Every structure is written in C-alpha cells, then in structure tokens.
Amino acid sequence: MVVLQVLGSERLTDHLVRVWVGGPGFPEFRNNEFSDRYCKLHFAKPELGLTPPYDLTELRDRLAPGDLPVTRTYTIREVREDRLAIDFVVHGDSGIAGPWAAAARPGDQLVLSGPGGGYLPDPAADVHVLAGDESALPAIAAALEVMAPDARGSVFIETFGPADELALDRPVGVGLHWLHRDDAEAGTTTLLADALRELGRPAGRVQVFAHGERESMKAVRDALQSWDLSRGDLSLSGYWANGRTEDRFQAEKREPIGVIL
C-alpha cells in the first residue's frame, strides 16, 4: 500500500471530481505503461483510529468484518512526476469514495494499492473503437492521449447529459460521440450497444476497449459478436454493476452472472 496526501481537487462537472494526490509517499508508487491502470483505494472508519498502511491480514484477525477498511477500485486518470489524479463520479451522499472526493481537502490521506491494468492502444491497429460510461471515462481519456496523431477510430461515452461532457484531447481522425441517458438510471440503457451496432465493424484490424456497467457490457458483447475480433484486440469487462456494492460485484465475478467473456 501507498499512503498519499491530497494536494488539491477540482470539480470537472456536476458529477465528476478530480483529486490530485502526492506527498512524501509518492516515490513508493510504481507506475505502469497501461492507459487503463487502476488502483484499489482503502477507506477506514475514522473512529477506529487505524494507521495506514493497513495490514489487512492482521486486521481481519482482530476486527469485525464491518470494521475492516472498505476497498474501491478506480482508474488513475493521469500520473506526473510528483502526483497522480483520480476522477470520481459523485452522486450526492451515496457511496463511499464519491462523498470522500467531494469533501477532500489538501492534507487528507488516501491509501491505495496497485496499479494494475491491461490495455494500451496498439499503434499497429487500423481502427480504434472505445466505449464506456463515466466509470470508463478516465481510461478512455488516457488512451486517447497516447494514440498516434494519425490514429483513426470512434469513441462512445454514455453520461448523464450535455453538462457532463468534457473536452478530450484526441487525434483528429478519432470521432467522439456523447450518449445521454437523461432520466434513465446508470446501467439500465443499451445506448452503447446500439451505437456500436449502428457503427458496424470498421474495415481492417480493429482494436476495441469497452468497459462500464456489467449488464451494459453484456449488451456490448452481443453487439460485437459479428465483428469477428481476435481475443487480443478486445478489452471488454464490467467496472461495476447496477444495484451492487463493490464487494458483491467482485464476488459475483466468480459466478455465472458476473461472466462477460
């Protein structure tokens, strides 16, 4: 685990907060080359007075399950020489990580482990197709920034509405399409799958990155079945599941309901 300090934060949209963390513990962070690099954030109950980094094995031996630090998975948006940024979707007071990010102040601690990852745009691909909801937005934005200037492709991002759109740096040959849920609940639409069906398979070697709500990604999987993609050119998974806590979502990855590919 790495113990970092909040350096600052910024509200990008009504529903998106970026938090910059660094401090004395930052040299212990080991970056990787993936554009979808993610980390595990560990949130402990303040009233327990636990001192990070947490020895989870030791804590399991002496704490009740409900008193253990809670883990949430987030994509790292950007890494600089002395800091990194994580973007949080905020839904008022719901959840754990979102309210923490909305209230974060310089000097607050953030405990994380990782990063992991597995996707990086391949410059040898003829076309890039990226699709996801707000949870995948940081990984998509990071991927666009490392693509070759002459890259071609299409990006589809599902979000609340026009006020939640962001200006994203991208190659001129990569089209950006925002899909608005409006009053629909996140994870209940087929907007991404419908957009991919309408797009159809581009010619040449296509590399696809599609991540977001689990059931939405199952619909995306079905929409991509006719594309005849090699397994190495398809990065597809659920980042979360509507109506599930992360603990339950992670447990269901080993059950039939959690299988996408």
Side-chain angles (χ1 to χ4, degrees), residues 4-22 35-39 41 43 70 72-80 83-110 112 130-145 154-170 174-195 209-217 220 238-246 249:
L4 302 178
Q5 294 178 351
V6 173
L7 303 178
S9 64
E10 52 188 314
R11 171 92 47 175
L12 303 179
T13 70
D14 287 346
H15 298 97
L16 198 64
V17 173
R18 177 168 297 165
V19 179
W20 288 94
V21 292
S35 54
D36 69 337
R37 57 199 163 198
Y38 62 88
C39 55
L41 309 184
F43 298 95
V70 174
R72 294 293 181 264
T73 307
Y74 274 82
T75 301
I76 297 173
R77 173 61 182 86
E78 183 180 346
V79 179
R80 297 182 181 175
R83 65 192 63 196
L84 62 85
I86 301 175
D87 291 353
F88 296 81
V89 179
V90 177
H91 301 278
D93 295 330
S94 64
I96 295 174
W100 176 88
R105 296 294 181 268
D108 290 351
Q109 286 187 330
L110 182 64
L112 63 85
L130 301 93
D133 57 26
E134 296 92 339
S135 66
L137 179 53
I140 290 174
L144 291 173
E145 291 174 354
S154 299
V155 177
F156 301 94
I157 302 175
E158 177 191 321
T159 190
F160 296 90
D164 293 285
E165 297 179 9
L166 294 174
L168 301 180
D169 293 335
R170 67 187 192 279
V174 177
L176 176 59
H177 310 274
W178 294 93
L179 310 175
H180 302 142
R181 286 191 305 272
D182 299 322
D183 295 330
E185 186 177 349
T188 64
T189 78
T190 59
L191 289 171
L192 293 170
D194 294 342
F209 177 86
H211 293 256
E213 196 279 332
R214 186 174 63 199
E215 296 306 309
S216 175
M217 290 301 102
V220 165
Y239 274 168
W240 63 287
N242 185 37
R244 300 290 201 274
T245 64
E246 172 146 348
F249 167 71

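Fair warning: this is a prediction, and the values are worked out from it, not measured in the lab. By convention here, the first residue in the shown sequence is residue 1.
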Rounded to the nearest 0.5 Å, how far does CH2 of W240 lie from OG1 of T73?
14.0 Å
Could you tell me which non-hydrogen atom of S154 sits nearest to which non-hydrogen atom of V174, and how far apart they are?
N-CG1, 4.2 Å
Evaluate V17 against R11 for side-chain contact (heavy atoms from CB on, under 4.5 Å), listing each step before the verdict.
CA-CA 4 Å; V17 173; R11 171 92 47 175; 3.7 Å; yes
Could you please spell out the steps behind the side-chain contact (heavy atoms from CB on, under 4.5 Å) verdict for E134 and D164?
CA-CA 9 Å; E134 296 92 339; D164 293 285; 5.8 Å; no
Give a yes or no on whether the backbone of M217 and the side-chain of R214 come within a donor-acceptor separation of less than 3.5 Å.
no
Apply side-chain contact (heavy atoms from CB on, under 4.5 Å) to residues W100 and V19 and explain how you reach the verdict.
CA-CA 10 Å; W100 176 88; V19 179; 4.1 Å; yes
Step by step, work out the side-chain contact (heavy atoms from CB on, under 4.5 Å) result for L144 and D169.
CA-CA 7 Å; L144 291 173; D169 293 335; over 6 Å; no
Can you name the nearest heavy-atom pair linking Y74 to G98, along with the distance?
OH-N, 4.3 Å
Run the side chain to side chain donor-acceptor pair (under 3.5 Å) test against R18 and tell me which residues pass, sequence neighbours left out.
D87
To the nearest 0.5 Å, how far apart are CZ in F160 and OG1 in T13?
8.0 Å
Could you state the interatomic distance from OG1 (T190) to CD (E158), rounded to the nearest 0.5 Å?
9.0 Å
Any side-chain heavy-atom pair of Q109 and L4 under 4.5 Å:
no
Min side-chain heavy-atom separation V89-L16 under 4.5 Å:
yes
Atom pair CH2/CG of W178 and L168 - distance to nearest 0.5 Å:
5.0 Å
Locate the shortest heavy-atom distance separating A139 from F209; write the atom from each residue and the value.
CB-CZ, 3.8 Å
Are any of the side-chain heavy atoms of H180 and P162 separated by less than 4.5 Å?
yes
Between W20 and E78: side-chain donor-acceptor atoms closer than 3.5 Å
no
What are the two closest heavy atoms between S216 and E213, and how far apart are they?
N-OE1, 2.9 Å
Do you know the tightest heavy-atom contact between F249 and A241?
CD1-CB, 3.6 Å
The reported gap from NE2 in H211 to OG1 in T75 (rounded to nearest 0.5 angstrom) is 9.0 Å
Taking the side chain as every heavy atom from C-beta outward, state whether E215 and N242 have any atom pair closer than 4.5 Å.
no
If you define the side chain from C-beta out and look only at heavy atoms, does anything of V155 sit under 4.5 Å from R170?
no
Side chains of L110 and I86, heavy atoms from C-beta outward: is any pair under 4.5 Å?
yes
Which distance, rounded to the nearest 0.5 Å, do you find between the CG of D194 and the CG of L179?
9.0 Å
I'd like to check T159 versus L166 (side-chain heavy atoms, cut-off strictly below 4.5 Å). Are they in contact?
no
Scanning both residues in full, the closest heavy-atom pair of L130 with A143 reads CD2-CB, 3.9 Å
Side chain to side chain, F156 and L176, heavy atoms closer than 4.5 Å:
no
